[in-house]
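See structure below.
To find a chain, count down the sequence lines: A is the first, B the second, and so on, and within it residues start at 1.
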Number of protein chains: 2
Amino acid sequence: MKQVAALAGVGTKTVSRVINDEPNVSDATAARVWDAIRALDYQPDLQAGSLRRSDGRTRTLGLLVGSVDNPFAGAIHRVVEDLAAERGMAVFASSLDDDPAREGSAVRAFLQRRVDGLILTTASRRPDYLPQLRERGIPAVFVDREPLVDGLDTVASDNRAGAEAGVAHLIEQGHRRIALLADRLDLATASQRQQGYLDALAAAGISRSDALMATDLHDVDSARTALERMLGAAEPPTAVFSAQNLITIGALHALRDAGCSRSVALVGFDDLPLADLLDPGVTVVAQDPQEIGRRAAERLFALLEGADEAPIRSVVPTRLIARGSGEITPAA
Amino acid sequence: MKQVAALAGVGTKTVSRVINDEPNVSDATAARVWDAIRALDYQPDLQAGSLRRSDGRTRTLGLLVGSVDNPFAGAIHRVVEDLAAERGMAVFASSLDDDPAREGSAVRAFLQRRVDGLILTTASRRPDYLPQLRERGIPAVFVDREPLVDGLDTVASDNRAGAEAGVAHLIEQGHRRIALLADRLDLATASQRQQGYLDALAAAGISRSDALMATDLHDVDSARTALERMLGAAEPPTAVFSAQNLITIGALHALRDAGCSRSVALVGFDDLPLADLLDPGVTVVAQDPQEIGRRAAERLFALLEGADEAPIRSVVPTRLIARGSGEITPAA
DNA sequence: ATGAAAGCGCTAACAT
DNA sequence: ATGTTAGCGCTTTCAT
C-alpha cells in the first residue's frame, strides 16, 4: 500500500479511501491511485484491514457440514457460497463426520481465523463451544440438526413429520411389517426420524417390533448388512423405511442382491441423484437443501447486520416423491 | 493476549512463546499461561500473527472446483480438506461454473485473504492471474484441467486415453455409429475427451460424422435434448459416449424416455453414484478424484515446504468399469 | 528464561 | 480534499 501511495504521490490514507470508496477524494487523485494499483497488481490485505477496522469484519464465514462429499451438504454449500459471494464474503467449509472432536477443532479453526459468522451442523446435542460464540458475539445458525439448547437460530427439515408421512405412505399400501434403518440415535435427525416412524405405526395401531428396527447405521455397508439380515429372518419386513441417503443406498444394494427390489417396498429419507432412473424408481421423502441453505445464509446475514429479534427456528417442509418403490404392495 | 499475559503475570512475548511452543519457557510459567488461556477462552488470532510472522503464512489454502455441488468436486474437496487439516490448514472452497469471470474473482478473493497456496480448476487455457501468483510466490497446482502454459504443476485424469478406451470398448461390441456428447470444447477436458473419441474411431477405420457429435453441452437438460434429437434422426446411433457426469445423466434420461436403455449402448466418462444399481448398470470410464486430490494437495505442500524441482505434470489413469450398458451389441 | 520496543498492512480519529 | 499519528493482535529483534 505504501508503494501505491508513493507511486500515486499521495498518502496511504488516501489509498485506503479509494479502495473502500470512501467520500472526500477528488476524481483526479482517485484515478491516479487506481492507475498505481493496477501498475503494481496491488491486492489489499483484507485481514490486516479488519484488524483495525471498527467492525472488525473479515468478510469470511465458516460452514460446517456432515461431509463436503455428501450431495445434501454439497447443495447447501453451493447456495451458501453463492449468497456469500454476492456480499463479497468467502466461505471456509469443513466436514464434521458426526464426530464431536472433529466438530470442536473445526469450530476452533474457524474462530482462530476470525470468521464473521458460522453456519453449523452439529453432532452433539449441547455443543460445548456455544458460550465462546456468545462471548465473542459471533452469530451462528444451525442447519440440519437442532441442538437441545434454547435461544439458537436453526434451520432444518421437518424430520419427524417427513418420516411419519413416508411410513404412513407404506402403511397405506397395506404394509404392517415395516423395517426402520436409521443412523445413530444420538443425532437429532436420526431420533426425530425414528419418532416419525413410531408415530406412523402408532397411528395405524401397528405395534413396534425391535427385530424390525436397525439403528447405529452410519454408512452404505452397515445399512446393507443390517437389511440383509432382516430379509433372511423368520418374518422378514414387506417394506423398508431408510432414514438417510447413504442408508438408502445400502438398502437398495441389499434388496437387489436378495432379488427383492420388486417385492419389498422402500421409502428413503432424502433424495438421491438418479433415484428416478432406477427400476423401480425410488420413492423418497425429499428434503430441500437449497432452501435450508438459503434460509440459513439469509438469517446469518440478518444477524450480521444487527437483527436483534428473537432467534428463529425455521422448519423446512419435506415432500414425498412417489416413484414406484414405495408403491409396491405386500405379497398376498 | 494482553489479558492472558496480565492474568498469568508474564509479558505478552512469553504468552506467544507458549502458544507456539518455542523453547526457553520454564514449565511452571507455561502452566500458568495455559491456565490463563483456558480461563479466558483465549483463541490466538492467526491472521494477526501471520502479519508479522517471518514466513507470513496464514495456514489457509484456496480450492477452486467446477462446483462444490458436483460429486467429482466433492470427492476432491474432501481429500484436500483431510490432508490440509492434518497440517492445521483450513480451506476456502469456491465454485467456478466454468466461467472465467467467476474464476478471476474467486482467485482475487483468495489472494486478498492471503492464502498460502492454491489448488485450481480453470476454465481458461491461459489464466490471466498467473503472473500475479508468480510475483507473489504463491504456489498453485492445477487439477482436472491443464492450462496451455508451460511450467505449471498439474494433476489430471488421462482424459484422452480414457475416452479412447471407452469408445474402443463400444467398437469392440460391434458398434460403428457411436454418438459423442461433450461439453464446451474450449475446456481442456472436453477437447481431450473428444480427441480420444476421434482417435478410437480412426484406429478402427470408422469415419467421423458431424451428425453424431454434439458439443457445448453443459448440463443434464442440454444433453438429454441433444441425444433425443439424434435418436429421432434418420440414422440414429447404436451407441453413445457421454463425456462428463452430468451429460451421462442427461443421456440416461433420453435413452429411458425413448425406450432404448436396453438397445442402445452407453459408456460415460466419470463415475456416478448408483451407476451400478441401474438396469442395465452404467458402464463408465471412472476417474479417481481422491487420487487427483491427494496428489494435488501433496504437491502443494511440497511446494510450500520449498521443493524446488521442476514442475510436475501428473496424469492419473482412468479405469473402465463394465456394468452392462456398454456391453449392449448393435441390433442386427 | 523473560520482557520491551518496533513493526507487519491496514483503518480510525483527528488534524490540516 | 488530504496527510499524520496511533493502534488493531501478534511476532520479531534485541536486551536483560
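Between B:D69 atom CG and B:S95 atom OG the span is 7.5 Å, to the nearest 0.5 Å.
Residue whose closest nucleotide on DNA chain C sits further toward the 5' end, between A:K13 and A:K2: A:K2. Along DNA chain C, the nucleotide nearest to A:Q47 and the one nearest to A:D55 differ in position, and the one closer to the 5' end is contacted by A:Q47.
Between A:N20 atom CG and D:dT2 atom P the separation is 16 Å, expressed in whole Å. Protein atom CZ of B:R53 is 12 Å distant from nucleotide atom C1' of D:dG9, rounded to whole Å.
Side-chain contact between A:V155 and A:V141 is present, with heavy atoms from C-beta onward closer than 4.5 Å. Between A:Y42 and A:Q3 there is no side-chain heavy-atom pair separated by less than 4.5 Å.
For the pair A:T14 and D:dT2, the criterion of a side-chain N or O lying under 4.0 Å from OP1 or OP2 is not met. Distances shown here put a side-chain N or O of A:S54 below 4.0 Å from the OP1 or OP2 atom of C:dA12. Listed pair A:S16 / C:dC10 fails the phosphate criterion, with no side-chain N or O lying under 4.0 Å from OP1 or OP2. Proximity of A:T29 to the phosphate of D:dT2: a side-chain N or O atom is located under 4.0 Å from OP1 or OP2.
For residues 33-49 of chain A, the pairs satisfying salt bridge (charged side-chain N to carboxylate O under 4.0 Å, His left out) are A:D35-A:R38, A:D45-B:R114, with sequence neighbours left out.
Side-chain atoms of B:R17 and base atoms of C:dG3 include a donor and an acceptor less than 3.5 Å apart.
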